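Contents: one structure, followed by commentary.
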Amino acid sequence: MAGLELLSDQGYRLDGRKATELRKVQARTSVFAQADGSAYLEQGNTKALAVVYGPHETRGSRSKSLHDRAVINCQFSMATFSTAERKRRPHGDRKSSEMSLHLKQTFEAAVLTELYPRSQIDIYVKILQADGGNYSACVNAATLALVDAGIPMRDYVCACTAGFVEDTPLADLCHAEESGGGTSLALALLPRSGNIALLQMDARLHQDHLDALIEAAMTACKGLSKVLDDVVRQHLEEVSVLTRD
Amino acid sequence: MAAGFKTAEPLEYHRSFLKENCRPDGRELGEFRPTTLNTSSISTADGSALVKIGNTTVICGIKAELTVPPSDAPNRGYIVPNVDLPPLCSSKFRPGPPGEQAQAASQFIADVIESSDLINMEELCIEKSKLCWVLYCDIMCLDYDGNLLDACIIVLLAALKNAQLPEVTINKETDLAEADIQKKKPLKIHRHPVGSSFAVFDDSVILVDPTAEEESLSTALLTVVTDEEDRLCAVHKPGGTSLSGEKLQHCINRAITRNKEIRKLVDKVTESTKTAK
């Protein structure tokens with residue numbers, strides 16, 4: 001595989017992790033004052049920012065609003081300086097439009113949109129530094145931002161990628177592993193119910209291996225959900241200390 | 001009660017504070033919000049910085065690329081600043097192509113770079129009419145609460161001071177550029193321009209460092225940019241009510257003291273990142 005050994009004989013990966021080990025996740029909520037909800041999340045070297053506005057009146061044409069539920073509007077963008085090569089278009093190209101659509105579909109599965117008929121919820125996510133797993137970092141950051149905005153959801157949405165190298169599923173791929181040519185699967189999970197909100201895999205894989213791969217991704221997502229939950233609880237604790245009379 | 005008064009009569013609400021020579025957020029008229037700076041925030045960029053002035057947050061990433069120098073100045077490199085106000089920074093901004101304010105800010109930053117002599121563009125040239133550096137300085141507002149221009153100038157200055165460029169030589173035999181990633185050099189920053197923004201309230205009261213709300217209620221805005229030798233680099237007053245020469249001089253004096261405060265901050269942060277390395 002292009003001279004790069006993704007998994008050593010001892011079972012270690014390029015960055016020294018074990019096959020099922022996640023990268024370090026650090027996150028903070030309520031980072032900005034203007035937005036209704038905001039969060040900043042680092043997953044290894046990938047840094048994502050999510051901001052939520054709403055629910056508010058639908059902007060633009062009235063025809064877009066739905067009479068029985070809220071419209072979710074997502075915009076994904078990457079900072080021009082987020083990748084090794086400068087990006088000419090931070091958003092609006094085909095790849096980021098696809099990403100925006102995937103995010104929208106993911107959160108339509110989780111947000112209780114029927115509580116806010118004829119309104120709109122805006123979710124803006126931005127990748128400040130990209131190192132693989134952009135989709136999952138965005139989903140995790142957006143979940144925290146939605147929680148921060150106080151928008152009711154069925155559950156946290158946790159996303160993680162998983163890859164398949166030498167008959168071993170690897171959790172939470174970094175950029176080098178993603179571009180190494182192997183299989184990569186992105187999965188967004190509602191961890192409590194175990195329902196899958198989104199699953200995407202665009203590479204060839206024998207179907208016998210699929211279950212193992214999904215299982216690895218789901219375990220990773222459940223691990224992430226604990227981290228996200230801790231972030232939310234810690235934030236609430238800090239806020240309640242500050243506002244105590 | 002106070003919240004209702006603020007929503008219904010924002011102007012009266014602000015006036016009632018100004019009568020007592022203070023502002024709704026507890027500041028005095030001539031006081032800036034706390035300013036914080038972080039550099040080397042983004043490792044994929046050649047130089048980066050993040051600045052917060054109160055709630056206003058801007059981030060700047062610099063990407064350097066090699067290109068052919070422009071034909072009208074074959075011995076100079078160039079800098080392309082770009083200010084982005086994405087819809088995530090405030091509900092004021094809509095998705096789509098850059099709005100007027102973002103474009104005006106980009107042009108203002110470009111003018112400040114040109115007029116302040118921040119960097120000697122000839123030092124960005126590697127070989128005359130063949131190869132030079134172009135520095136793309138992308139400034140992005142993450143949280144908009146007024147005083148965008150001051151924040152942009154500080155973040156640009158800090159990011160440029162943080163930037164490291166690899167050494168590039170042209171191989172005589174193959175005529176191709178060769179970059180030495182191991183040998184990285186910081187840019188030479190000749191001047192330190194710092195901006196100070198003011199808002200004119202009710203045609204007479206001058207506020208320093210206006211918030212987004214104060215900006216929208218004010219009758220005129222003014223931005224003064226000075227360098228470390230107290231020279232003016234730019235004075236920008238986009239319309240609004242007139243301002244007497246005396247008051248303008250007062251603003252310029254305030255801008256000069258602000259320059260010293262910010263220089264200290266930038267130097268301190270640059271120094272601390274150096275020792276951390």
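Naming: A, B, ... by sequence-line order, numbering from 1 per chain. Treat the numbers as computed from the prediction; the structure is a model and nothing was measured.
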Heavy-atom distances under 4.5 Å only: say whether [X] touches chain B with side chain, backbone, both or neither.
X	value
A/Phe32	both
A/Gln129	both
A/Val31	backbone
A/Leu49	side chain
A/Ala84	backbone

Might you confirm whether atom [atom1] of [X] has over 12 heavy atoms from other residues, nucleotides or ligands at distances under 6.0 Å?
X	atom1	result
A/Arg88	CZ	yes
A/Glu57	CD	no
A/Lys24	NZ	no
A/Gln200	CD	yes
B/Arg27	CZ	yes
A/His235	NE2	yes
A/Gln234	CD	no

From [X] [atom1] over to [Y] [atom2], what is the distance, rounded to the nearest 0.5 angstrom?
X	Y	atom1	atom2	result
A/Gln34	B/Ser91	CD	OG	7.0 Å
B/Ile42	A/Asn45	CD1	CG	10.5 Å
A/Phe81	B/Cys60	CZ	SG	7.0 Å
A/Lys47	B/Ile59	NZ	CD1	8.0 Å
A/Lys87	B/Asp138	NZ	CG	12.5 Å
A/Ser38	B/Leu142	OG	CG	10.5 Å

Query raised in the report: Are A/Thr80 and B/Met140 close enough that some pair of their side-chain heavy atoms sits under 4.5 Å apart?
Result: no
Under 4.5 Å from any heavy atom of chain A - which part of [X]:
X	value
B/Lys52	side chain
B/Ser41	backbone
B/Asn82	neither

Query raised in the report: Taking all atoms of both residues into account, what is the closest heavy-atom pair of B/Thr44 and A/Ala130, and its distance?
Result: CG2-O, 4.3 Å
